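Worth saying up front: this structure is predicted, and the values here are computed from it rather than measured. Atoms considered below: every heavy atom in the structure, side chains included; atoms not considered: hydrogens, waters and symmetry mates.
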Amino acid sequence: MERLLAGLDPEQRAAVEAPRGPVCVLAGAGTGKTRTITHRIAYLVQRGHVAPGQVLAVTFTARAAGEMRTRLRALGVHGAQARTFHAAALRQLRYFWPRVVGGPQWELIDRNKLRLVAQAANRAGLSTESDSLRDLAGEIEWAKASLVTPDDYPVAAGKAHRDTPAPAEQVVQVYRTYEQLKNDAQLLDFDDLLLHTAAALEEHGDVAEEFRDRYRCFVVDEYQDVTPLQQRVLDAWLGARDDLTVVGDANQTIYSFAGASPMPLLNFNRRFPDATVVRLERDYRSTPQVVALANEVIKWARGRPAGARLRLIGQRPDGPAPKFTEFDDEPAEAAAVARRVKALLDEGVAASEIAVLYRVNAQSEVFEQALAELGIPYQVRGGERFFQRAEVRQAMVALRQASAQEPSGELPKVVREVLAPIGLTDDPPAGGAAREKWESLLALVELAEELVATVDGADLPKFVTELEMRAEAQHPPTVEGVTLASLHAAKGLEWDAVFLVGLVEGTLPILHADGDEAAVEEERRLLYVGVTRAREHLWLSWALARAAGGRRFRRRSRFLYGLIPEDHPASRTVAKREPLQKRPKPQCRVCGAQLVDAQAVKLSRCGTCPSDLDEELLGRLRAWRAGRAKELKVPAYVVFTDSTLVAIAEQRPEDIAGLVAIAGIGAAKLDRYGADVLALVQGKR
Ligand code: ATP
Ligand code: MG
């Protein structure tokens, strides 16, 4: 027993030794929450308060559950259940099925899910393109996780400011049809596992009684990201009892886009007034230098609920100061990161103790490449390797086929044309799966641009060979390697050295969060999660252009302002740039109503409000566009879509900031046409 308690500080000990009943540990990153719950389970078991088999611990990922089982075994606890919510529910449902439903067990839906969503979308008259289907599926998942029925969807989606993938009424139709088709086929999706488990316990007294007799003690890690559906399951498990230990950090809530909320954590002592509530402040994971930066990042958070304001106190010996570096372009950033990783490996840091973390999976490619070039083994977590992604494989097939036909023309343009049918639209899609796919395809065009800049006579066959070589080089035997992961996938984990890369506006915060304060705050918490993964070495970097030699239109993330020491060279370079103005929620320029519809957002006014369109300017823009399209041998909409032209003619942007504020004008467009458009607006062309 003493051995068990020896490795704990007084507050952790208080949580571990609390009598059976409700316990809540509300604490920042690296303060030992996960450690505290494993010790608490071991303590309760050793004290004889519960048998190991009566404990059910839930975490959010299968990996975390596995790690918890390992830690419990190390503490001498065998037979306690540590599972994800879904795995626990699946097990219970299988067991109780004969009693609550009867007949053959329904199958898990698996890959058929998108097929059913496709059928439902088709009936609703919506696109069945795979990205829209994924976004629709994501929206249905949000609704189910939030306990929102099809009937309630329009109101609930409005309240939650959802960026709906289709008009709400159509989402309702898809949601309803999907449920119907799924039930007819006797299939269960992931959310059904939780819904049915909760219903089985709520509606069948005998089932509830047997379950509650079997499990006596419940523990939840990362409780700040619990969804209403998971909470309902937890309540069904508990019944009238209160033997529940929860731990979490409201500042690490990063799944609210999927329906999660920190409120059950923050209101725990209201629900259980007798709860033992413990706050931890000592950070055992990171050096005081890293801790200071983490405190600074979260200090600027807005709208934090009471109880979320915690300050971490670093416990480890001093380490190196976090390093901030600005680069001209992404390949330069990636190369520098790879060199630094190499230096750490040479110093004796294990590859498995190093991580490169980014916001979206599409960012991994350039870092994979740079690491592969230096022969550094790596593994991509929570996302597929770049060349194994479905859209990239599809793109490779299309490029190979096109290459056989020996097309003529400028390489990047040819590549764009080949990739257009796969989903490389001119304007980036708003978000979600479509956006990630688009980013991957754009990364291929940028590789083509790079090849043109570096190899004489670069053509499609040469490009395909180059891609194949790169794909080949990225098949290292991965056993122990540097981790490449998204910030979401890094939750709960820790490494000696962490590189937070690609910290630019539009990526962190992600473009589609802009203008929505709650979404921007979730992005800030992602940075906080990233910073707090580092034990010792922390690198933060960003690049002003995407491709090598590209125009440097990017700005470093707004979250970095105030964090960089004044005497730092990057701070001087960047200080000259104006911080991005915080964009308010998109509102109609005419009537002031809040805008939701994508078209309306682009125009900055409701479709029904009068427009102050400059017809003469629109005419000149159209003529200019026709000329450019002819020159480039592309359809006119590839230069700018009609609605972008209308938005320009209405808003008459006077500078780059004004141009960028128009949805659909990204870095590439700005690079190519920015000067022309500004000249047109000023009447100089
Ligand atoms: P996160 O919020 O990121 O999930 P956490 O609060 O769950 O963090 P843990 O992962 O439990 O933190 O602990 C962070 C690190 O600190 C681990 O390496 C853990 O072993 C160590 N640690 C925790 N408590 C102590 C302690 N009392 N003494 C020494 N090391 C500790
Ligand atoms: Mg933890």
Quiz item: Step by step, would you call L357 with V501 a side-chain contact (heavy atoms from CB on, under 4.5 Å)?
Solution: CA-CA 6 Å; L357 307 179; V501 301; over 6 Å; no
Just wondering, do [Y] and [X] contact through their side chains at under 4.5 Å, heavy atoms?
X    : Y    : answer
S541 : F499 : no
Y175 : E179 : yes
P320 : Q289 : no
H39  : R13  : no
L312 : T31  : yes
L527 : L508 : yes
F85  : L229 : no
L201 : F211 : yes

Side-chain atoms of residues 257-275: list all donor-acceptor pairs with protein atoms under 3.5 Å, sequence neighbours left out, distances to 0.1 Å.
unit_1, atom_1, unit_2, atom_2, d
S261, OG, M263, N, 3.0
R271, NH1, D235, OD1, 2.9
R271, NH2, D235, OD1, 3.0

Practice problem: List for me each residue that meets side-chain hydrogen bond (donor to acceptor under 3.5 Å, both in side chains) alongside Q252, sequence neighbours excluded, and say none if there are none. | Solution: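 Checked Q252 against side-chain hydrogen bond (donor to acceptor under 3.5 Å, both in side chains); matches are D249, R533.
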Nearest 0.5 angstrom please: [X] [atom1] to [Y] [atom2], how far?
X    : Y    : atom1 : atom2 : value
L5   : Q12  : CG    : CD    : 11.0 Å
L234 : L194 : CG    : CG    : 11.0 Å
D221 : T34  : CG    : OG1   : 3.5 Å
S146 : K159 : OG    : NZ    : 12.0 Å
D189 : K113 : CG    : NZ    : 4.5 Å
W539 : L503 : CH2   : CG    : 12.5 Å

Salt bridge check: are [X] and [Y] linked by an N-O gap of less than 4.0 Å?
X    : Y    : answer
R359 : E523 : yes
E353 : R535 : yes
R524 : E517 : no
D514 : R558 : yes
D192 : K144 : yes
E222 : K491 : yes

Under 3.5 Å: donor-acceptor pair, side chain of [X], backbone of [Y]:
X    : Y    : result
D243 : R20  : no
D225 : I254 : yes
K33  : A27  : yes
E210 : V207 : no
R162 : E139 : no
T507 : I510 : no
S557 : F559 : yes

Quiz prompt | CZ (R311) with more than 12 external heavy atoms under 6.0 Å | solution =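 No - once you tally the heavy atoms of other residues, nucleotides and ligands closer than 6.0 Å, there are 12 at most.
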Quiz prompt | OH (Y284) with more than 12 external heavy atoms under 6.0 Å | solution =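 Yes.
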Quiz prompt | Passing candidate, side chain to side chain contact (heavy atoms under 4.5 Å, CB included) with V220, options V246, V247, V226 | solution =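 Testing each of V246, V247, V226 against V220, the sole residue satisfying side chain to side chain contact (heavy atoms under 4.5 Å, CB included) is V246.
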Minimum heavy-atom distance between [X] and [Y], given as atom pair plus value:
X    : Y    : value
Y43  : V16  : CD2-O, 3.3 Å
A534 : V290 : O-CG1, 3.8 Å
A355 : W495 : CB-CD2, 3.4 Å
D318 : P288 : OD1-CG, 3.5 Å
A18  : T276 : CB-OG1, 3.8 Å
P165 : L136 : CG-CD2, 3.9 Å

Donor-acceptor side-chain pairing of [X] and [Y] below 3.5 angstrom:
X    : Y    : result
R94  : Q105 : yes
T149 : D152 : yes
Y215 : Q92  : no

Self-check item: Worked verdict on V171 versus Y153 for side-chain contact (heavy atoms from CB on, under 4.5 Å)
Solution: CA-CA 8 Å; V171 177; Y153 177 81; 3.6 Å; yes
Quiz prompt | Residue pairs involving residues 280-297 (criterion salt bridge (Lys or Arg N to Asp or Glu O under 4.0 Å); sequence neighbours excluded) | solution =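 Only D9-R282, E11-R282, R285-E494, E296-K299 qualify under salt bridge (Lys or Arg N to Asp or Glu O under 4.0 Å).
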Practice problem: Quick one: sort the W237 and F218 rings into parallel, tilted or perpendicular, breaks at 30° and 60°. | Solution: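 The rings of W237 and F218 lie parallel, inter-plane angle below 30°.
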Self-check item: side-chain contact (heavy atoms from CB on, under 4.5 Å) evaluation trace for V219 with V58
Solution: CA-CA 6 Å; V219 175; V58 279; over 6 Å; no
Distance-only donor-acceptor hits, side chain of residues 72-82, under 3.5 Å, sequence neighbours excluded:
unit_1, atom_1, unit_2, atom_2, d
Q81, OE1, R83, NE, 2.5
Q81, OE1, R83, NH2, 3.2

Exercise. Take T38 and R71 through the test side-chain hydrogen bond (donor to acceptor under 3.5 Å, both in side chains) and record every step on the way to the result.
Key: CA-CA 7 Å; T38 48; R71 288 206 208 174; 4.6 Å; no
Quiz item: Among all residues two or more places apart in sequence or in another chain, which pass the side chain to side chain contact (heavy atoms under 4.5 Å, CB included) test with D213?
Solution: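 With neighbours one apart ignored, the set is R216.
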Quiz prompt | Selection residues 193-209 - residue pairs positive for side chain to side chain donor-acceptor pair (under 3.5 Å), sequence neighbours left out | solution =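 Residue pairs with at least one partner in residues 193-209: E202-R232.
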Quiz item: Within 45° of the axis and under 6.0 Å from the centre of the six-membered ring of F324, does NZ or CZ of R556 qualify?
Solution: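 No, cation not above the ring by the 6.0 Å, 45° rule.
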Quiz item: Would L244 and D242 satisfy side-chain contact (heavy atoms from CB on, under 4.5 Å), going step by step from the backbone distance to the final call?
Solution: CA-CA 5 Å; L244 172 65; D242 62 357; over 6 Å; no
Exercise. Output, in order, the C-alpha distance, side-chain angles, deciding distance and verdict of ring pair (Phe, Tyr, Trp, His ring centres under 6.0 Å) for H488 and Y255.
Key: CA-CA 8 Å; H488 282 100; Y255 282 96; 5.1 Å; yes
